[in-house]
Amino acid sequence: MPPTLEDIVRRRIQEKGPIPFAEFMEMALYHPAGGYYRRGKGRGARGDYFTSPQAHPAFGALLAVQVYQVWEVLGRPSPFVVAEQGAGDGLLALAFMDFAERLTASFAQALRYVAIDLDTPPSPDWARQRGGQRLRSAALPLRGVVGCLIANEMVDAFPVHRWRVKGGSLEEAYVALRGDGLGEMWGPPSTPALEAWVRALGIPLVEGTEGEACVRLPAWTRDLATALGQGLAIIIDYGGMPAELYRTGRGGTVRAFRQHMATGDLYRHVGQQDITASVDFASLVRCAREAGLEVMGWVRQRVFLRNLGWDALRRALVASRLPPAEAEANRFGLQALVQEEGLGGYGVLLLGKGVPSFPVWGVDGLSPDGVTLVQGALAGGVPLLTPAHAPLLQGRYPHQAVGAQALEVWTPSCTRQRGAVS
């Protein structure tokens, strides 16, 4: 019988001694022999969390509106590349390209959508249907593209070093053997990069402060800057600024999810539960600027989507005369995208390179031409849920079936999405 991932972690600790939490998180999520994201089963109703593209296709549709504006600002180049890192099941790509075809034919023809992920799941087969391209890669294998880069709920899965201030000194969390299982201990920082990261936060580090350091961010933002020749990077994730994240007594933001519930134990179910940490957007901005990227805006997702036409989609849905159960399921999914204590509380960071200064629609609101554009696209119908989307309404109210689509059902306890802002 092959060793489990926990066996492999234990062997590593036996050979090296206690390992930094960042090394454990890297193994738990990405190890070829059973890492969580290598299994490809995390997202959706049968997984451990859901994301905005799974909540409702309006998310991808409204991102297409923002990308359309960038295409216009750059003079309608063709080809125009949209590269999504961490593309997963392809639902964002499919919704994006569906709505792009409704915006203008010339925009849709110029698009070259590239979905990048560790794995290439077979369904939905959007690449064949819409002329997109899948790349199997852990990195961003692009150079100097003209277009937009999208990273939705990806940065939160980067391994982090956990730190705390104890006795006036900086300490780091290590994973050690504890009987038949794994546990944690604290010790001196494993790398000078951790100490430099904490110093750069620029906040008072009083006794008891805990947090995380994603020392991979500088390299990743340099990759972004290399991949992007001219255009915009759109980074969407849960998190906040240092004053929110590093409060005394909070205990850090790392958490684990399994079957849509916080497990409370980071060291059980190794490779079988999601481990994630809130994104420090101030540190991400600092790294982006050091890489040569320009900050074009930062807003919460509920503001970003409303600025791009969320209310117009809601009105179109109300006017669509769907069967009552289907209409309610779509309203529920649409509302989830802007819920303040959930997906709507996520941060949206827009980074530019080689673009003129312009009022970004997702930050400043649609221009009159933008309003006309969205209204024209919705004249052909509103984006609707499919069986591939997460049945959020059934998760909240399992006695309500959605038509005859036989969507998968969650129990009432499985309604909390990963990363709800606390």
Side-chain angles (χ1 to χ4, degrees), residues 22 25-27 29-33 35-40 42-43 51 53 60 63-64 66-67 70-71 74 77-97 100 110-159 214-237 279 284 287-294 349-355:
M25 186 173 174
E26 176 88 34
M27 294 180 71
L29 296 182
Y30 301 106
H31 196 281
Y36 181 80
Y37 288 114
R38 297 289 184 175
R39 296 166 60 240
R43 303 177 186 177
T51 62
L63 271 178
Q66 179 58 80
V67 171
V70 180
W71 178 67
L74 293 181
S78 183
F80 187 77
V81 176
V82 177
E84 180 193 354
Q85 192 174 11
D89 55 18
L91 280 176
L92 173 54
L94 189 59
F96 182 104
M97 290 191 288
L111 282 176
R112 300 294 184 272
Y113 202 108
V114 182
I116 306 166
D117 205 287
L118 284 171
D119 296 296
T120 54
S123 178
D125 189 8
W126 62 268
R128 179 179 58 80
Q129 296 171 0
R130 298 294 191 274
Q133 180 182 3
R134 287 186 181 274
L135 293 180
R136 186 172 185 173
S137 175
L140 191 57
L142 302 172
R143 296 292 180 271
V145 302
V146 175
C148 287
L149 309 180
I150 298 173
N152 178 59
E153 287 201 55
M154 191 191 71
V155 178
D156 64 87
F158 288 170
C214 184
V215 300
R216 179 177 295 187
L217 274 185
W220 182 70
T221 51
R222 287 194 296 270
D223 284 348
L224 276 184
T226 299
L228 191 62
Q230 189 179 27
L232 208 65
I234 305 172
I235 304 166
I236 305 170
D237 226 313
V279 175
L284 180 52
C287 294
R289 285 175 170 155
E290 290 172 354
L293 297 168
E294 179 185 357
L349 178 63
L350 300 110
L351 303 170
K353 182 179 179 183
V355 294

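For the single chain, residues carry numbers from 1 onward in sequence order.
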#### Entry: Side chains of Leu140 and Leu149 in contact at under 4.5 Å (non-hydrogen atoms)
yes
### Summary
Scanning both residues in full, the closest heavy-atom pair of Val146 with Pro77 reads CG1-CG, 3.8 Å
### Query
How long is the span from the CD atom in Glu294 to the NZ atom in Lys353, to the nearest 0.5 Å?
12.5 Å
### Task
Evaluate the side-chain proximity of Trp71 to Leu111: yes if any heavy-atom separation is below 4.5 Å, no if none is.
no
### Task
Could you pull out the closest heavy-atom pair between Met154 and Ala151, with the gap in Å?
CE-CB, 4.1 Å
### Query
Checking ring pair (Phe, Tyr, Trp, His ring centres under 6.0 Å) against Tyr30, which of Tyr37, Tyr36, Phe158 comes through?
Tyr37
### Task
Report the residues that fulfil side-chain contact (heavy atoms from CB on, under 4.5 Å) with Ala138, sequence neighbours left out, ordered by chain and then residue number.
Leu118
### Task
Just jot down the side-chain contact (heavy atoms from CB on, under 4.5 Å) partners of Ala95, sequence neighbours excluded, or say none.
Pro57
### Query
For the residue pair Leu135 and Pro141, what are the closest heavy atoms and their distance?
CD1-CG, 4.0 Å
### Query
Which distance, rounded to the nearest 0.5 Å, do you find between the CD of Gln85 and the CH2 of Trp220?
6.5 Å
### Least distance between heavy atoms, Leu142 atom then Val145 atom
CB-CG1, 4.1 Å
### Pairwise distance CD1(Ile236) to CD1(Ile150) - rounded to 0.5 angstrom
7.0 Å
### Message
Pair Leu351, Leu228 - check side chain to side chain contact (heavy atoms under 4.5 Å, CB included), show working.
### Response
CA-CA 10 Å; Leu351 303 170; Leu228 191 62; over 6 Å; no
### Query
How close do Ala139 and Ser137 get, heavy atom to heavy atom, and via which atoms?
N-OG, 3.0 Å
### Query
Are any non-hydrogen side-chain atoms of Val155 and Leu217 less than 4.5 angstrom apart?
yes
### Query
Looking only at atom types and distance, does a side-chain atom of Glu26 sit under 3.5 Å from a main-chain N or O of Pro159, one as donor and one as acceptor?
no
### Task
Supply the atom-to-atom distance Leu224 CG to Cys287 SG, rounded to the nearest 0.5 angstrom.
11.0 Å
### Query
How long is the span from the CG atom in Leu284 to the CG atom in Asp237, to the nearest 0.5 Å?
9.0 Å
### Summary
Here the pair of heavy atoms bringing Ile116 nearest to Ala83 is CD1-CB, 4.4 Å
## Note on the structure
Here the gap from Leu350 atom CG to Ile235 atom CD1, rounded to the nearest 0.5 Å, amounts to 8.5 Å
### Query
Hey, are the side chains of Tyr113 and Leu92 touching, using non-hydrogen atoms and a 4.5 Å cut-off?
yes
### Message
Apply side chain to side chain contact (heavy atoms under 4.5 Å, CB included) to residues Val67 and Ile234 and explain how you reach the verdict.
### Response
CA-CA 9 Å; Val67 171; Ile234 305 172; 4.3 Å; yes
### Query
Looking at residues at least two apart in the chain, or sitting in another chain, which of them share a side-chain contact (heavy atoms from CB on, under 4.5 Å) with Pro79?
Arg112
